[in-house]
Engineer: 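My structure is below; once you've seen it, I'll send some questions.
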Amino acid sequence: MNITKTYKGNDVPKSTKWIYSSVATFRDACYTLVSMFLVTYIQFSGILTKGLDTSDSKKLTATFVSMFAVITALVIGYRIFDALNDPFMGVIIEKVHFKTGKYKPWILIGSITNSITVIALFLAPSWFSWLSSWAYIGWFAAFYLLWGMTFTMNDIAYWGMLPSLTSDEKKRNAITTIMTIFCSVGQFAVAGLSPILSGKFGYSVYPTISIIVTVLFLISQIVLFLFLKEHERDVEEEKRHPAPKFKNMFSIMKKNDQVRIMVIVLFIYYLGSGILNTLGLNYFYFAINYSVGSSVMMYFTIIYGVGYLLAQSLFPLISKKLSKNRILFLCFIGVVVGYILFFIYSLPIGDNKYLGPSPLTSDGKLNIVYLILLCLIGLIIFFSQGLFYLVILIMMTNTIEYNEYVFYERKEAVIFSLRPLTTKLASALQQGILYLFLLMSSLYEVISNISNLQNQNALNEISSKELTDGCDILLSTLKPWQVIVFKLGVSILPLILFIVAYFIVKAKYKIDEKTYAEMVEEIAKRKENISNEEVNNQLDSNN
């Protein structure tokens, strides 16, 4: 075991490299389950219609809309609060000194407490019969807040550890690539299997999924705590710096223009890429039907995973041949082409009429030609997005050396806490966008009735076949314009955001490969020659 052991230099031990990277699978699986499917689970499982009078459809819809509005407001508010909490957690990590490491204790504490909240959110409706409709919303309000706070402990510590492992750009890029591959495996396993399992067994399968995913998450974090070696903490170097304060977190972004640019770009990226995930399952239900839509979402998610994994696997080879700016340009072209094709493809132009192949055959089965072409379009989008993400993530990481080069301070935990901050702010907006597009498409009546059918199925009042048939009948009443409005959300809106992100990087980011190498060389020389007095004078001027 390596509970208290550390290492020096830029050569990362193999065990540390692979443990750090591989446990990302289960971290991201658990986060994806909650961030991507908890609201969907609440939306379609029947929780929000449990105990309500379902005889009046209009009254049921109005109540459902009110409850979903409360949930949306809670998610948005908590995610913004959680995002603002991230830098504060970065401050705590910088200040607190555990014998077992700078990052590992917080990773372990966060994983244990977060596991409890995940189980509480998914299993409470089946555990407690009194948790119906508004009562569950109260439960949700308490435990969703705790879920965000506890995951922050784990997340900030985990990502803060990444730049501390090594200052060698090639070695850091290699670890980043491997780690993001494992992240993708976890994300896509949950994102791909959950829709098909819920389509086959109903939304009551989510509590079982949550138990499996949470246990694997917790075990993986315990393994990291016991066996991973952290890089030796330079206490003397930290003593030279003033104690970090919460108010200084955003001053770093204010004075470091490159950090500021990459925070904006990461926020736009997470918002754009996450919209398709947030709206995706709803879209395939509405564009096709309930019985086939979940299957199409599964295949599309598999392509999502293939595209990202292919991008991450090929990135080391591509980055040897092309500069980061060149890779971004090619990704930009791929994203533009992919999303335009996705919008045009199988666009409804009338009742059972489409621009391109119909999703269903004449006998109501999935059209294989439609599926193959859809997956090819998805591969273009997700491969391009995957490469785009890796490049901007490395660009963000390189701003740590930029901060040390300009201001004589690394502050990796603080700077890297801004990455999850952007993720959570983006996810907050995504939830609002989902609510907005459901409202604009006039789809809440259909959803409330589907939720009611799910509740009847959970109470064994109707069979699984009656549930599926009833949902398909409800979705068959949708008009083409309702699907088109929703399709604008999953295609054109992300496209606009990616265009904005690309041109911000092109215009404002200045740390290319040559500049980064020069900074690292200068920092190394400075550490050899600079006096403590010069360092302190520079730090005083910063403050």
Engineer: Do Asp168 and Thr166 meet the criterion of a side-chain donor-acceptor pair at a distance under 3.5 Å?
Structural biologist: no

Engineer: Run the side-chain contact (heavy atoms from CB on, under 4.5 Å) test on Thr214 and Cys30 for me, step by step, so that the C-alpha distance in whole Å, both residues' side-chain angles and the decisive distance to 0.1 Å come before the verdict.
Structural biologist: CA-CA 6 Å; Thr214 301; Cys30 196; 4.3 Å; yes

Engineer: Should the ring pair Phe151 and Phe217 be called parallel, tilted or perpendicular, given that the plane angle runs from 0 to 90° and is split at 30 and 60?
Structural biologist: tilted

Engineer: Is the number of heavy atoms from other residues, nucleotides or ligands within 6.0 Å of OH (Tyr299) greater than 12?
Structural biologist: no

Engineer: What about the rings of Tyr203 and Tyr206, do their centers lie closer together than 6.0 Å?
Structural biologist: yes

Engineer: Between atom CD1 of Ile71 and atom CG of Leu38, what is the distance when rounded to the nearest 0.5 Å?
Structural biologist: 8.5 Å

Engineer: Please find out if less than 6.0 Å separates the ring center of Phe503 from that of Phe332.
Structural biologist: yes

Engineer: Is the centre of the Tyr402 ring less than 6.0 Å from the centre of the Tyr516 ring?
Structural biologist: no

Engineer: Can the ring centroids of Tyr308 and Tyr389 be said to lie less than 6.0 angstrom from one another?
Structural biologist: no

Engineer: For atom OH of Tyr405, is the number of surrounding heavy atoms from other residues, nucleotides or ligands below 6.0 Å larger than 12?
Structural biologist: no

Engineer: Report the relative orientation of the aromatic rings in Tyr144 and Tyr78; use parallel for angles under 30°, tilted for 30 to 60°, perpendicular for over 60°.
Structural biologist: parallel

Engineer: I want to check a possible cation-pi pair here: Lys104 against Phe225, using under 6.0 Å from ring centre and within 45° of the ring axis as the test.
Structural biologist: yes

Engineer: Can we call the ring centroids of Trp481 and Phe486 under 6.0 Å apart?
Structural biologist: no

Engineer: Start with the C-alpha distance between Phe300 and Phe382, add both sets of side-chain angles, then the distance that settles ring pair (Phe, Tyr, Trp, His ring centres under 6.0 Å), and finish with yes or no.
Structural biologist: CA-CA 10 Å; Phe300 199 63; Phe382 300 133; 5.3 Å; yes

Engineer: Salt bridge between Lys324 and Glu513, side-chain N to carboxylate O under 4.0 Å?
Structural biologist: yes

Engineer: If the test is ring-ring contact (aromatic ring centres under 6.0 Å, His included), which one of Tyr20, Phe182, Trp106 qualifies with Tyr158?
Structural biologist: Tyr20

Engineer: Please determine if Asp155 and Arg27 form a salt bridge, counting it only when a charged side-chain N lies under 4.0 Å from a carboxylate O.
Structural biologist: yes

Engineer: Apply the side-chain contact (heavy atoms from CB on, under 4.5 Å) test between Leu218 and each candidate in Ile222, Leu216, Val215; give the one that qualifies.
Structural biologist: Ile222

Engineer: Will you find, in the side chains of Ser291 and Asp472, an N or O donor that is under 3.5 Å from an N or O acceptor?
Structural biologist: yes

Engineer: I'd like to know whether the aromatic ring centres of Tyr269 and Phe498 sit less than 6.0 Å apart in this structure.
Structural biologist: yes

Engineer: Does the gap between the ring centers of Phe122 and Phe37 come in under 6.0 Å?
Structural biologist: no

Engineer: Inspect the surroundings of CE in Met519 and state if more than 12 heavy atoms from other residues, nucleotides or ligands are less than 6.0 Å away.
Structural biologist: yes

